[in-house]
Protein chains: 2
Amino acid sequence: MNLKELASLLNLSTTTVSRALNGYPEVNAETRERVVAAARRHGYAPNQGARRLATGRAHAIGHVIPLARHQMINPIFAEFISGAGETYSIAGYDMIASVVPEADEADAYRAMIAQRKVDGILVHTPRLLDPRIDLLSGFSLPFLMHGRDSRPERDYCWIDINNRRAFLRATDLLLDLGHRRIGFLNGMEHLNFAQRRRSGYCAALTARDIAPDPDLMRHAEMTEAYGYDGVREMLGLPDPPTAFLASSIITAFGALRAVSEAGLRLGADISIVTHDDELSHMSNAGPVPLFTATRSSIRAAGRRAAEMLIALIEQPGAATRSELWEADLTIGRSTGPRV
Amino acid sequence: MNLKELASLLNLSTTTVSRALNGYPEVNAETRERVVAAARRHGYAPNQGARRLATGRAHAIGHVIPLARHQMINPIFAEFISGAGETYSIAGYDMIASVVPEADEADAYRAMIAQRKVDGILVHTPRLLDPRIDLLSGFSLPFLMHGRDSRPERDYCWIDINNRRAFLRATDLLLDLGHRRIGFLNGMEHLNFAQRRRSGYCAALTARDIAPDPDLMRHAEMTEAYGYDGVREMLGLPDPPTAFLASSIITAFGALRAVSEAGLRLGADISIVTHDDELSHMSNAGPVPLFTATRSSIRAAGRRAAEMLIALIEQPGAATRSELWEADLTIGRSTGPRV
DNA sequence: TTCAGGACTCAAAGCGCTTCGGATAGAAGG
DNA sequence: CCTTCTATCCGAAGCGCTTTGAGTCCTGAA
């Protein structure tokens with residue numbers, strides 16, 4: 001069933017039917033009802049390809065997911081996507097996701113734009129000096145970055161959490177509890193967020209005249225095994241840490257496993273603070289959560305990011321402001337004074 | 001830059017340029033080279049909307065992700081998607097994902113089809129008697145289900161693992177080790193895979209004249225907390241289990257946490273077997289993995305599912321067969337004889 | 001009665017691509 | 001030298017929609 005058929009069925013022109021369905025005012029209320037009813041009855045919906053061609057708008061937003069050699073897909077990504085997807089559905093946008101080898105990433109962005117597949121692009125997990133900013137700035141298509149670059153002079157729109165402050169506060173908390181040797185299980189440090197977290201961690205230490213110890217700082221993909229191995233190895237050091245700071249709750253669970261296995265009691269012998277993205281299958285909720293954590297919902301970030309990007313698309317004039325969210329610091333059962 | 005501009009730039013007709021770019025034989029090799037070079041130089045790529053309209057093919061595959069009230073997004077989903085996405089990219093398909101409230105699920109499928117957004121649909125996590133099979137069978141669009149329905153008489157294409165067999169073998173293993181009280185932390189039992197797993201678990205028990213004990217069987221969303229709570233509560237029973245069977249490695253990690261917290265030793269005092277989807281951030285790899293597990297890569301399933309669906313789309317005649325994969329049973333450090 | 005103006009409706013022109021059905025020119029065959 | 005291929009290329013139609021610019025038919029004021 002297409003527009004023409006529907007129109008002739010109703011003895012109306014395609015113009016009127018199109019207008020009736022798209023809510024234009026110059027069509028009789030009664031006519032509109034007839035049209036809408038008939039469309040529903042016959043399961044008519046406008047062909048998206050034709051609509052795209054006629055309007056020049058794709059009503060879709062692109063996500064490029066680079067797959068590195070190690071083939072990891074961050075569970076955080078799923079959660080963010082699900083938040084963004086909620087907003088897209090409500091606003092009538094499709095999400096198109098392109099999973100490509102890391103090396104083809106730039107081409108994937110270029111193709112999306114050249115083929116006019118999307119009206120905007122959402123960019124994930126920026127690197128330190130992320131080439132995608134300059135790449136995408138070269139086109140006139142709106143894009144929004146989840147996270148930031150390190151160069152404030154670049155002009156683009158982003159949403160991020162205050163990673164530095166969060167990890168500074170987390171480290172401060174542990175220092176206040178008397179901990180002096182704090183193991184840091186960071187994310188991969190070529191990523192911007194990890195660099196900022198490290199900066200917060202180091203700043204808190206140096207503010208108390210503690211030199212950051214390279215032996216206590218690690219960075220890697222934030223897996224469970226990484227948390228386990230990291231803690232296990234650091235606990236084997238001559239002067240082992242009494243507390244750990246984890247960059248992801250998944251890593252924190254791994255850390256906890258190593259702590260338990262070593263026969264140490266969480267919150268008594270060893271303290272752990274983690275960042276908590278509120279992943280739905282790794283909940284750290286409850287009145288007194290398991291982990292003391294800096295917390296910020298990644299799903300909420302996804303929702304908001306999508307809203308901001310859609311605003312960028314639909315009101316090109318209006319200056320959409322970037323947003324910096326503060327993470328909550330919630331005290332759980334995983335921290336206590338140094339013994 | 002569009003076709004017409006590119007064509008006049010080259011002093012060729014749009015016909016020839018289009019054919020050159022699409023690899024039709026009736027164009028001079030030299031001409032083709034000129035065209036391809038010019039297209040690259042000017043960053044030309046055909047407008048996808050126009051192409052869709054002209055060819056009637058969307059070159060896209062749809063995924064509908066229903067968001068239940070509890071708003072959970074399964075990490076397994078991300079992993080599957082990433083596998084499927086790899087295949088899509090190689091084959092030149094887009095993945096379009098629609099995140100909708102559970103109640104709007106059927107409409108989301110209908111809209112995708114009516115608007116001709118996709119050439120095929122990949123359906124996730126079937127329920128017991130999944131209405132989507134009849135819904136989608138009513139259209140002429142190919143679809144593929146990751147998982148199966150319980151009604152063998154329905155004719156559709158699927159890929160699945162042998163959940164029943166996997167859990168039967170896992171249970172058998174524990175029984176062989178002398179365990180008689182085996183706690184079962186299943187996924188939500190309105191889902192098909194969970195029902196099959198339960199059937200395998202029960203079959204193994206009854207084969208040894210052990211009546212399945214409802215107190216030892218739970219089903220819920222497969223979170224870490226569920227594993228923890230489940231084990232904790234079952235360990236508090238008058239006649240507690242000596243082994244546990246978990247439906248997801250996330251749950252298994254939660255189970256392990258409860259075991260450790262109770263001061264029990266994994267593989268000695270308590271055994272755990274889990275299903276392992278090979279999630280990239282929750283690895284259970286290594287020569288002797290942490291968990292004894294029934295293992296099947298969900299990412300590989302995603303890749304294969306995408307291949308099958310694309311075959312369904314591109315060779316409508318050819319009978320594409322459904323596939324049932326067997327899971328590996330790998331022995332780790334989490335199982336041992338009953339004490 | 002006339003006519004301006006509002007309320008509806010319509011025909012037709014694209015949007016950018018693919019593809020059908022020729023055209024043209026040189027090569028091959030008679 | 002004329003016809004028939006073959007290798008290339010082109011014009012134009014059409015995919016299904018939106019939207020511009022024009023009506024047409026009322027209503028109510030003059």
Tell me whether the side-chain N/O atoms of A/S13 come closer than 4.0 Å to OP1 or OP2 in C/dC10.
yes
Which angle, to the nearest 10 degrees, lies between the helix axes at the two ends of the helix from C/dT1-D/dA30 to C/dG30-D/dC1, each defined by five pairs?
60°
For residues 98-134 of chain B, the ring-ring contact (aromatic ring centres under 6.0 Å, His included) pairs (sequence neighbours left out) are B/H63-B/H124, B/F77-B/H124, B/F80-B/H124
Strictly below 4.0 Å, heavy-atom distances to any atom of DNA chain D: list the hits from residues 29-48 of chain A, or just say none.
A/Y44, A/P46, A/N47
Which residues pass the salt bridge (charged side-chain N to carboxylate O under 4.0 Å, His left out) test with B/R34, sequence neighbours left out?
none
On the side chain of A/T15, is there an atom forming a donor-acceptor pair with the base of C/dT9 - under 3.5 Å, no angle test?
no
Of A/K4 and B/T14, whose closest DNA chain D nucleotide lies nearer the 5' terminus?
B/T14
Between P of C/dG6 and CG of A/N28, the distance in whole Å
18 Å
Interface limits on DNA chain D, where chain A has a heavy atom under 4.0 Å of a nucleotide atom
D/dG16 to D/dG21
Going by distance alone, is a donor N or O of one side chain under 3.5 Å from an acceptor N or O of the other, for B/N28 and B/E33?
no
Any side-chain donor near an acceptor of the partner, B/S150 and B/N192, under 3.5 Å:
yes
Without decimals, in angstroms, what is the distance between A/L3 CG and C/dG14 P?
19 Å
Counterpart residues, salt bridge (charged side-chain N to carboxylate O under 4.0 Å, His left out), relative to B/E153 (two or more places apart)
none
